[in-house]
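Each chain gets a letter, A, B and so on, in the order its sequence line appears, and its residues count up from 1. Owing to the predicted nature of the structure, the values given are computational and were not obtained by experimental measurement.
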Amino acid sequence: MSRLSSSPRISSGLGVAGAALLAVAVLVALAAPLIAPWPPMQIDLRARFTPPAWEAHGVLRHLLGTDNLGRDIASRIVWGARISLGVGVAASLLGAAIGGTLGLCAGYFGRGVDAAISWLIDVQLAFPFTLFALFLLAVFGGGPGPVVVVLALATWVNYARVVRAQVMALRGQDFILAARAVGVPSGRILLRYLLPAVAPAMVVVGSFSAAQAILTQAALSFLGVGVDPSSPSWGAMLDLGRSYILSAWWMATFPGVTIALVVLGANLLGDWLREWLDPLAVSRR
Amino acid sequence: MTGAAPLAEMAGVSVRYRRAGRLSHGLIAIDLQLAANATVAVVGESGCGKSTLGRVLLHLQQPSEGAVRFRGEDLTLLKRAELRRRRRAMQMIFQDPFASLNARMTIGETLAEPLVVHGLARWRDARPRVAAMLERVGLEPGVAARYPHEFSGGQRQRIAIARAVIAEPELVVADEPLSALDMTVQGQIVSLLASLQETLSLTYLFISHDLPLVREFAGRVVVMIAGRIVEDGPPDAVFATPAHPYTKLLVSCVPVPDPAQERARQAAAGNTSTIAAAEAPDHAACPFRSRCPHAMPICATMPPFRHVAPDRQAACWLHESS
């Protein structure tokens with residue numbers, strides 16, 4: 001980490017920028033029916049390949065142009081925010097539930113439990129994930145539900161590793177020993193003592209994992225196994241635009257830029273949260 | 001220690017750690033019996049195994065060998081859930097009260113927890129008992145809604161003590177409960193511990209390195225060095241006429257508030273810096289041999305623990321004259 005980026009003032013500015021980017025994306029997703037100028041699926045074959053408004057032959061009605069079926073790019077990006085963000089957040093939360101539980105158990109119980117869960121983590125990390133995801137989605141079909149599950153299977157490792165390491169450090173501390181001495185059952189020690197102590201770290205991992213999930217989801221759509229290809233998802237738009245990259249550059253460019261901005265926002269926010277919630281962890285590096 | 005059955009007992013307890021392939025000893029062949037309603041102090045230098053002794057007695061740490069009995073029942077043989085239920089009767093107070101309290105739980109929840117987890121109350125109806133306990137340790141009942149960081153060190157230790165005794169245990173291990181507190185607060189906490197012992201008939205294992213306090217507070221003192229108990233007896237007698245050269249060294253390290261006596265004390269104590277010197281452990285030998293002014297060839301074998309008076313025991317070859 002460079003000297004510049006670890007300076008609190010500069011990084012908090014970037015953190016606010018990241019939060020703002022995400023806030024805009026969330027507002028757009030929530031208000032999609034109000035701000036999208038066109039229905040996202042409306043086909044208008046006479047308006048196919050309309051370039052963005054500022055290009056020659058562009059029209060103001062289609063600000064960012066239209067695709068090969070005459071659907072409005074801007075409207076599809078606005079509606080796509082619902083799918084991309086929804087799936088990204090859902091996958092990140094499900095990953096947190098799985099990874100948090102496994103990480104807590106591995107770190108607290110140690111021994112056999114830890115060995116089994118660590119083995120699972122190693123297997124997951126060693127496995128070519130995209131291949132695994134392609135296989136699962138090919139077998140169980142696409143749609144938001146299976147995609148969320150598959151993405152959660154990609155992100156749980158992030159939580160499990162961080163939580164396990166933190167719990168191992170906390171396990172020997174006096175307040176845990178005191179709880180054991182009082183006779184507090186393990187379940188309550190995990191939920192009321194350890195979980196609150198690792199929650200800040202999980203929030204940080206969560207912001208990075210959401211970014212990873214959004215990106216992976218776009219990649220899956222790009223490969224044609226994501227959510228329903230006709231529904232407006234940013235990855236699917238990118239995939240479609242790839243075929244026309246030379247004749248209609250706007251079809252791939254705008255969804256691509258959107259993905260980049262949202263992922264950047266989530267990562268900036270994550271960096272900032274990490275410094276804000278856990279200043280020691282950053283200065284120790 | 002004859003007569004009535006002891007409340008708690010350690011028999012042949014050893015703790016060994018394997019660190020980086022090398023075996024190191026936390027406790028070696030500890031035999032200790034605690035009579036009900038007594039206060040037994042454990043003294044010794046840092047790292048001698050005092051804290052380990054306390055943790056093993058409460059079975060927070062598994063001994064490598066030996067039996068740890070509470071009311072005649074061997075804790076090392078109990079199942080996890082059974083052991084957890086026994087914990088109501090045996091509690092612990094830590095050196096640093098802030099580190100031993102959950103920073104994210106209110107005082108009320110912290111104090112109600114022992115009652116709830118042992119089925120003595122439910123969360124809803126624990127409040128009056130928590131309030132009574134807070135008053136008993138000298139705090140306002142209203143502080144139940146607050147968090148540990150809002151209190152001073154002495155108040156936190158009162159809270160930690162309240163948590164330890166609220167479920168009315170029989171045995172309390174206090175691991176240097178005063179050393180994080182300043183002098184005036186220490187006195188208040190000692191009287192609190194003494195009055196709780198009286199009303200609740202507590203048995204204390206009091207781990208400390210404050211010899212004058214031990215003399216005032218404990219009815220019996222156990223001196224430890226390198227994981228072994230080397231002397232055992234009433235504090236007045238043990239500190240006045242130490243039977244073990246190591247106890248003599250410990251006693252001579254207590255500062256005396258008189259410049260002339262203090263100079264004489266320092267001269268007698270010799271080079272105290274050797275106390276911290278680490279030596280290659282030889283578990284067959286007396287652990288004090290390399291620092292002992294009376295070291296003899298026979299000290300290469302560990303001396304047996306023998307009675308030197310009816311109520312005193314020591315492990316030193318100096319007392320094997322016969």
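- The local environment of CZ in B/R127 is sparse, with at most 12 non-hydrogen atoms from other residues, nucleotides or ligands closer than 6.0 Å.
- In this structure, A/D174 contributes its side chain and B/D96 its backbone to no donor-acceptor pair below 3.5 Å.
- Summarising the geometry of A/A178 relative to B/S100, their closest heavy-atom pair is CB-O, 3.4 Å, with the distance given to 0.1 Å.
- Residues B/H118 and A/V182 share a closest heavy-atom pair of NE2-O, 2.7 Å.
- With respect to the salt-bridge test (charged N to carboxylate O, under 4.0 angstrom), the residues A/R188 and B/E113 qualify.
- In this structure the side chain of B/R104 never reaches within 4.5 angstrom of the side chain of A/Y193, judged on heavy atoms.
- Here the straight-line distance linking atom CZ of A/F175 with atom CZ of B/F98 works out to 11.0 Å at 0.5 Å rounding.
- Without hydrogens or angle criteria, B/R87 side chain to A/R180 main chain gives a donor-acceptor distance under 3.5 Å.
- Side chains of B/R55 and A/L177 form a contact here, defined as non-hydrogen atoms less than 4.5 Å apart.
- Inspection of the B/R80 and A/S186 side chains reveals an N or O donor paired with an N or O acceptor under 3.5 Å.
- Heavy-atom pairs under 4.5 Å with chain A were tallied for B/L101, B/N102, B/V117; the largest tally goes to B/N102.
- Within the 4.5 angstrom heavy-atom criterion, atoms from both the backbone and the side chain of B/L60 approach chain A.
- Around atom CZ of B/R136, more than 12 heavy atoms belonging to other residues, nucleotides or ligands sit under 6.0 Å away.
- Between chain A and the residues B/Q91, B/M92, B/R163, the largest count of heavy-atom pairs under 4.5 Å involves B/Q91.
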